[in-house]
Amino acid sequence: MATPVVTKTAWKLQEIVAHASNVSSLVLGKGSGRLLATGGDDCRVNLWSINKPNCIMSLTGHTSPVESVRLNTPEELIVAGSQSGSIRVWDLEAAKILRTLVGHKANICSLDFHPYGEFVASGSQDTNIKLWDIRRKGCVFRYRGHSQAVRCLRFSPDGKWLASAADDHTVKLWDLTAGKMMSEFPGHTGPVNVVEFHPNEYLLASGSSDRTIRFWDLEKFQVVSCIEGEPGPVRSVLFNPDGCCLYSGCQDSLRVYGWEPERCFDVVLVNWGKVADLAICNDQLIGVAFSQSNVSSYVVDLTRVTRTGTVAQDPVQDSRPLAQQPPLPNAPLRRIYERPSTACSKPQRVKQNSESERRSPSSEDDRDERESRAEIQNAEDYNEIFQPKNSISRTPPRRSEPFPAPPEDDMATAKEAAKPSPAIDTQLPVPNLEVLPWPQVVTSTPAPKAEPAIIPATRNEPIGLKASDFLPAVKIPQQTELVDEDAMSQIRKGHDTMCVVLTSRHKNLDSVRAVWTTGDIKTSVDSAVAINDLSVVVDLLNIVNQKASLWKLDLCTTVLPQIEKLLQSKYESYVQTGCTSLKLILQRFLPLITDILAAPPSVGVDISREERLHKCRLCYKQLKSISGLVRSKSGLSGRHGSAFRELHLLMASLD
């Protein structure tokens with residue numbers, strides 16, 4: 001009888017290079033769970049189909065980084081807010097700009113579409129909340145009450161209320177019809193990052209940087225319960241569609257909570273870092289995270305996650321018996337939202353808007369809309385996702401299929417875990433630990449598995465050092481019990497050697513920092529190169545990469561040979577740093593280098609021009625040498641392949 005294949009509960013689906021510069025915001029389409037929108041420092045909004053490598057559509061028009069994006073429920077419209085305070089709305093089916101909304105005086109931190117009417121709410125760093133009528137291109141009302149940046153906005157499922165979360169540690173609930181604040185929910189001791197309405201009941205959840213999740217009763221306007229002990233700031237929460245539980249995207253894990261009483265149902269290990277948004281489709285939870293210009297997507301199989309009933313082992317301290325559980329979701333404790341069958345009426349204006357907020361469309365707005373474009377990058381994917389809704393459907397619409405779960409990495413370990421063991425039977429069950437391979441016992445015997453070509457950056461030992469090299473090779477023919485003195489002796493044998501290596505590295509960094517304080521970046525980079533330790537070069541480049549204005553042409557001549565070494569390194573963090581530095585050089589200096597080399601020779605003697613020409617020739621020669629390496633690695637899969645393919649495109653003018 002064939003052994004059934006053990007599949008993963010959580011896995012990484014894909015990683016893409018989403019923008020030419022850093023990603024600053026992203027959002028998942030909640031209706032399908034298959035559409036992803038990203039905003040970047042390159043002032044663009046890009047749309048992607050989950051698990052497909054190519055951009056579907058690129059939306060232009062903003063002149064400053066895109067700080068917030070949001071899709072409406074049918075995924076026909078998208079709104080994006082920029083660092084300058086402007087807001088743009090695009091029609092995705094018509095592939096065109098719909099509205100440009102101006103009124104905020106600072107960054108747009110949060111956006112949300114009304115569930116029924118054609119309204120958009122925006123929250124800004126200027127502490128104001130504005131409600132916009134998309135049809136009339138104007139601000140309907142402005143809500144004042146927060147004292148710091150408004151980080152999250154959510155409309156209630158019935159469209160009558162608006163919840164706001166801000167850096168001033170408060171959550172506020174606004175009545176759209178009356179145009180005033182209904183209630184304020186104090187209690188958090190840190191900035192509140194996210195709020196989410198229960199899909200059916202009068203219940204609101206809020207997550208904060210104080211590492212707590214609070215549940216609020218919207219009939220009594222009081223706290224229901226508080227989940228404490230989150231591993232980090234709470235940035236992303238989502239109710240299950242039937243309202244049975246709340247998912248919290250934590251650092252490298254997904255936690256499943258109940259609120260009456262507060263308890264943790266399950267914990268699933270997922271290596272997604274700081275997850276930015278969550279969506280549910282086909283009993284799978286999709287999570288997305290971003291780092292620099294890369295966006296990663298992950299999947300959790302909810303059919304293997306405990307969503308009610310048994311309480312999981314978790315830091316949440318709750319010893320109350322399960323008999324105290326509330327009734328089932330089909331018998332809620334609170335009122336249920338009454339969803340209107342038609343669009344909501346326009347909110348009543350309580351006070352007259354200022355002239356700037358109710359101005360009519362002007363020629364300046366028309367010009368902005370002409371400059372905004374929706375560039376369809378992939379027509380096939382575009383037609384598949386944004387099919388015109390008014391066309392006659394001859395066949396039932398195609399329903400998206402669940403993403404297939406990959407098998408466990410170590411099948412042998414999975415089979416061993418499946419065998420009954422007296423020792424294991426006596427232990428308490430730990431939920432979903434099959435997400436990651438079971439940690440193997442470290443011994444002095446060499447493992448039969450070959451070392452990977454690229455060593456990941458998320459490793460628990462110093463970069464460039466292998467802890468096993470400093471430990472004595474001890475042959476243990478049979479399992480024997482070590483006394484404390486013998487164990488400590490074995491540990492200390494390699495400790496001094498390790499300390500010497502790390503102390504030397506620390507001194508090297510100190511010497512480079514001393515040169516840096518003089519203000520001469522070129523000299524400090526030269527000193528780092530002279531030390532002949534790539535780890536020091538990486539540390540220095542990670543600082544220089546944060547500020548593009550530090551880069552000069554003479555700095556490129558020193559750094560490019562080091563970049564070539566980094567790109568060939570087996571350490572993932574080295575390769576990432578090398579790619580980032582090379583990308584900055586190509587974007588800032590390649591056009592200048594090619595222009596200077598193509599220019600006719602000058603008449604007479606121009607020493608500064610000759611020096612610049614010499615530097616350009618040297619950089620061009622080094623770039624040509626690196627281009628072959630980049631071309632050979634552009635066929636790789638995953639993060640490195642995407643980065644090298646992007647570099648290969650930037651270096652196309654060298655060929």
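Distance CD/Q83 to CG/D41: 7.5 Å, rounded to 0.5 Å. Between atom OG of residue S183 and atom NZ of residue K172 there is a gap of 9.0 Å, rounded to the nearest 0.5 Å. The distance from the CZ atom of R214 to the OG atom of S208 is 8.5 Å, given to the nearest 0.5 Å. Atom SG of C281 sits about 11.0 Å away from atom CG of L28, to the nearest 0.5 Å. With rounding to the nearest 0.5 angstrom, the CG atom of D91 is 5.5 Å from the CG atom of L77. In this structure, the separation between CG on L203 and CG on L218 is 6.5 Å, given to the nearest 0.5 Å.
With hydrogens and angles ignored, the 3.5 Å screen pairs a side-chain donor or acceptor of S24 with a backbone N or O of G39. A donor-acceptor pair under 3.5 Å is formed between the side chain of E75 and the backbone N or O of S32. No donor-acceptor pair under 3.5 Å is formed between the side chain of S225 and the backbone N or O of E260. For Q14 (side chain) and K52 (main-chain N/O), a donor-acceptor pair under 3.5 Å exists by modelled atom type. Not a single donor-acceptor pair under 3.5 Å links the side chain of N107 to the backbone N or O of C109. In this structure a side-chain-to-backbone donor-acceptor pair under 3.5 Å is missing from D168 to H146. A donor-acceptor pair under 3.5 Å is formed between the side chain of Y298 and the backbone N or O of N271.
Residues F185 and S206 are not in side-chain contact: their nearest non-hydrogen atoms beyond the backbone lie 4.5 Å or more apart. L246 places a side-chain heavy atom less than 4.5 Å from the side chain of F215. Between S296 and W272 there is no side-chain heavy-atom pair separated by less than 4.5 Å. Contact check for V79 versus W132: no side-chain heavy atoms found under the 4.5 Å cut-off. Side-chain atoms of V256 and V268, non-hydrogen and from C-beta on, never get closer than 4.5 Å to each other. Residues N193 and V234 fail the side-chain proximity criterion, which asks for heavy atoms closer than 4.5 Å. Taking the side chain as every heavy atom from C-beta outward, H198 and W259 approach each other to under 4.5 Å. In this structure, the side chains of R151 and S110 stay at 4.5 Å or more apart for every pair of heavy atoms.
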Give the C-alpha distance, both sets of side-chain angles, the deciding distance and a yes or no for side chain to side chain contact (heavy atoms under 4.5 Å, CB included) between T60 and R44. CA-CA 5 Å; T60 63; R44 285 176 172 261; 3.3 Å; yes
Criterion side chain to side chain contact (heavy atoms under 4.5 Å, CB included) on H114 and L176, from CA distance to verdict: CA-CA 11 Å; H114 193 279; L176 298 181; 4.0 Å; yes
What's the verdict on side chain to side chain contact (heavy atoms under 4.5 Å, CB included) for R34 and N282, showing C-alpha distance, side-chain angles and the deciding distance? CA-CA 11 Å; R34 293 294 187 267; N282 296 327; 3.5 Å; yes
Side chain to side chain contact (heavy atoms under 4.5 Å, CB included) assessment of F239 paired with N200: CA-CA 10 Å; F239 279 101; N200 303 314; over 6 Å; no
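The closest side-chain donor-acceptor pair between T9 and D301, if any, does not fall under 3.5 angstrom. A donor-acceptor contact closer than 3.5 angstrom links the side chains of Y247 and N240.
Applying the salt bridge (Lys or Arg N to Asp or Glu O under 4.0 Å) test to residues at least two apart or on different chains, the pairs with a partner in residues 277-290 are K30-D277, D283-R307.
Of all non-hydrogen atoms in V288 and S297, the two that sit nearest each other are CG1-CB, 4.0 Å. For the pair A10 and V270, the tightest heavy-atom approach, listed with the atom from each and the gap, is CB-CG2, 3.8 Å. For L153 against D112, the heavy-atom pair with the smallest separation is O-CB, 3.5 Å. Scanning all heavy atoms of the two residues, the minimum distance from V194 to S236 falls at CG1-N, 4.3 Å. Heavy-atom minimum distance, L92 versus M57: O-CE, 3.7 Å. Across every non-hydrogen atom of V195 and A165, the tightest pair is CG1-CB, 3.7 Å.
Ring orientation note: the planes of W216 and H188 are nearly perpendicular, at an angle over 60° on the 30°/60° scale. Ring geometry, W174 versus Y143: the interplanar angle falls from 30° to 60°, so the pair is classed tilted.
Checked against side chain to side chain donor-acceptor pair (under 3.5 Å), Q292 has no partners two or more places apart in sequence or in another chain. Residues passing the side chain to side chain donor-acceptor pair (under 3.5 Å) test with Q284, sequence neighbours excluded: none.
Tested against W161, the residues Y202, F221, F155 include a single ring-ring contact (aromatic ring centres under 6.0 Å, His included) partner, Y202.
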